[in-house]
Amino acid sequence: MLFGETPEVSILINNMAWTLRHLPAAATFGLGRYRLQPIHVQDFAELALREAESGEQHRIVNATGPETYTFRELWRMLAQGMGLRRPVLPVPAWFGLLAARVPGSIVGDVMLTRDEIAGLSQDRLAVDCPPAGRRSLRDWVACHADSLGKTYANELSRRR
């Protein structure tokens, strides 16, 4: 999970914040215990440069930020950082996918896919190793709290 210099380029985080601003609750698939380690794009770029300069080939590198959140904790941290109070409700994956279609149709985007739910639920976005990045998502949210989620970042229109 990447986040960038501004909310507009941090599509997933921004759209989660948009959801918190516009809906009365957030949802996790199941209990939301699957983990994420968001990394800032600058940390990711620096990591990629270091790896390219190392000359080692065919190496797996874990691109992780300094913080680990469960999906439930990520929703809560975003809401708290923006000064909002929203319940985080566990829902079955099929219901979350169906429910995301309603706001998705309003903004003209696909907010959530079956593959995204599967990837999250399988706990594939976190590893047990030292972080590669140093920039904190929590600090980033605090810096951008006023503008985060004010507008929806439509991924489909960016691809056109």
Side-chain angles (χ1 to χ4, degrees), residues 1-48 62-91 93 96-97 99-127 131-160:
M1 173 184 271
L2 292 167
F3 62 102
E5 293 300 320
T6 64
E8 295 79 25
V9 298
S10 307
I11 295 173
L12 181 57
I13 298 294
N14 182 75
N15 290 350
M16 289 176 74
W18 182 88
T19 299
L20 289 166
R21 287 191 189 279
H22 292 89
L23 298 177
T28 63
F29 318 108
L31 297 177
R33 291 185 181 150
Y34 29 91
R35 303 165 302 148
L36 306 103
Q37 292 171 297
I39 186 168
H40 191 278
V41 293
Q42 188 66 39
D43 287 338
F44 185 81
E46 291 167 7
L47 174 62
N62 294 309
T64 59
E67 301 158 329
T68 303
Y69 300 96
T70 65
F71 197 57
R72 175 178 289 280
E73 290 167 343
L74 180 60
W75 278 117
R76 287 184 177 151
M77 184 276 292
L78 286 171
Q80 184 179 36
M82 294 172 11
L84 301 171
R85 293 178 54 96
R86 299 287 185 272
V88 181
L89 308 173
V91 300
L97 188 61
R101 289 183 183 164
V102 175
S105 67
I106 293 168
V107 296
D109 199 10
V110 177
M111 293 185 76
L112 186 64
T113 68
R114 196 176 314 263
D115 289 339
E116 289 169 333
I117 292 173
L120 281 169
S121 303
Q122 293 167 8
D123 202 31
R124 293 184 177 181
L125 298 178
V127 292
R134 57 183 170 79
R135 290 169 178 86
S136 162
L137 177 61
R138 185 179 303 275
D139 292 347
W140 182 89
V141 168
C143 287
H144 297 284
D146 290 342
S147 61
L148 189 58
K150 289 280 179 145
T151 59
Y152 183 84
N154 191 311
E155 193 169 0
L156 288 180
S157 67
R158 289 174 185 239
R159 292 182 186 178
R160 292 182 187 142

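Of all the heavy atoms in W75 and M16, the pair that sits closest is CZ3-O, 3.3 Å. Here the closest non-hydrogen pair linking W18 and T151 is CD1-C, 3.7 Å. Nearest approach of T70 to E73, heavy atoms of both residues: N-OE1, 2.8 Å. Between G81 and A145, the shortest heavy-atom contact is O-CB, 3.3 Å. Closest non-hydrogen pair, L47 versus A132, comes out as CD2-CB, 3.7 Å. Smallest separation of non-hydrogen atoms from R72 and P90: NH2-CD, 3.6 Å.
Checked against salt bridge (Lys or Arg N to Asp or Glu O under 4.0 Å), D139 has no partners two or more places apart in sequence or in another chain. R135 pairs by the salt bridge (Lys or Arg N to Asp or Glu O under 4.0 Å) definition with D43, E46, not counting sequence neighbours. Checked against salt bridge (Lys or Arg N to Asp or Glu O under 4.0 Å), R35 has the following partners two or more places apart in sequence or in another chain: D123, D128. Every residue meeting the ring-ring contact (aromatic ring centres under 6.0 Å, His included) condition with F3, not counting sequence neighbours, appears here in chain and number order: H40, W140.
Between S136 and E67 the shortest side-chain heavy-atom distance falls below 4.5 Å. Residues N15 and V107 have side chains not in contact (no heavy-atom distance under 4.5 Å, counting atoms from C-beta outward). For the pair M111 and P103, the minimum side-chain heavy-atom distance is below 4.5 Å.
N14 places a side-chain N or O within donor-acceptor distance of the main-chain N or O of G149, the cut-off being under 3.5 Å. N154 places a side-chain N or O within donor-acceptor distance of the main-chain N or O of G108, the cut-off being under 3.5 Å. Q37 places no side-chain N or O within donor-acceptor distance of the main-chain N or O of P131, the cut-off being under 3.5 Å.
Evaluation of the salt bridge (Lys or Arg N to Asp or Glu O under 4.0 Å) test over residues 76-88, restricted to residues two or more places apart or in two chains, returns none.
Here the CG-OG1 distance, from L36 to T68, works out to 9.0 Å after rounding to the nearest 0.5 Å. The structure places CD1 of I13 at 8.0 Å from CG of L148, a figure rounded to the nearest 0.5 Å. Atom SG in C143 sits 10.5 Å away from atom CD in E5 (nearest 0.5 Å). With values rounded to the nearest 0.5 angstrom, L112 atom CG is found 9.5 Å from L12 atom CG. Summarising the geometry, atom NE2 belonging to H144 is positioned 9.0 Å from atom CD belonging to E8; distances are rounded to the nearest 0.5 Å. Considering CZ of R21 and CE of M82, their distance stands at 4.0 Å, rounded to 0.5 Å.
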Exercise answer: donor-acceptor pairs, residues 24-34 side-chain atoms, under 3.5 Å, sequence neighbours excluded:
| residue | atom | partner | partner atom | Å |
| --- | --- | --- | --- | --- |
| T28 | OG1 | G30 | O | 2.9 |
| Y34 | OH | F29 | N | 2.7 |
| Y34 | OH | F29 | O | 2.9 |

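For Q80, the CD atom counts as loosely surrounded, since its 6.0 Å shell holds 12 or fewer non-hydrogen atoms of other residues, nucleotides or ligands.
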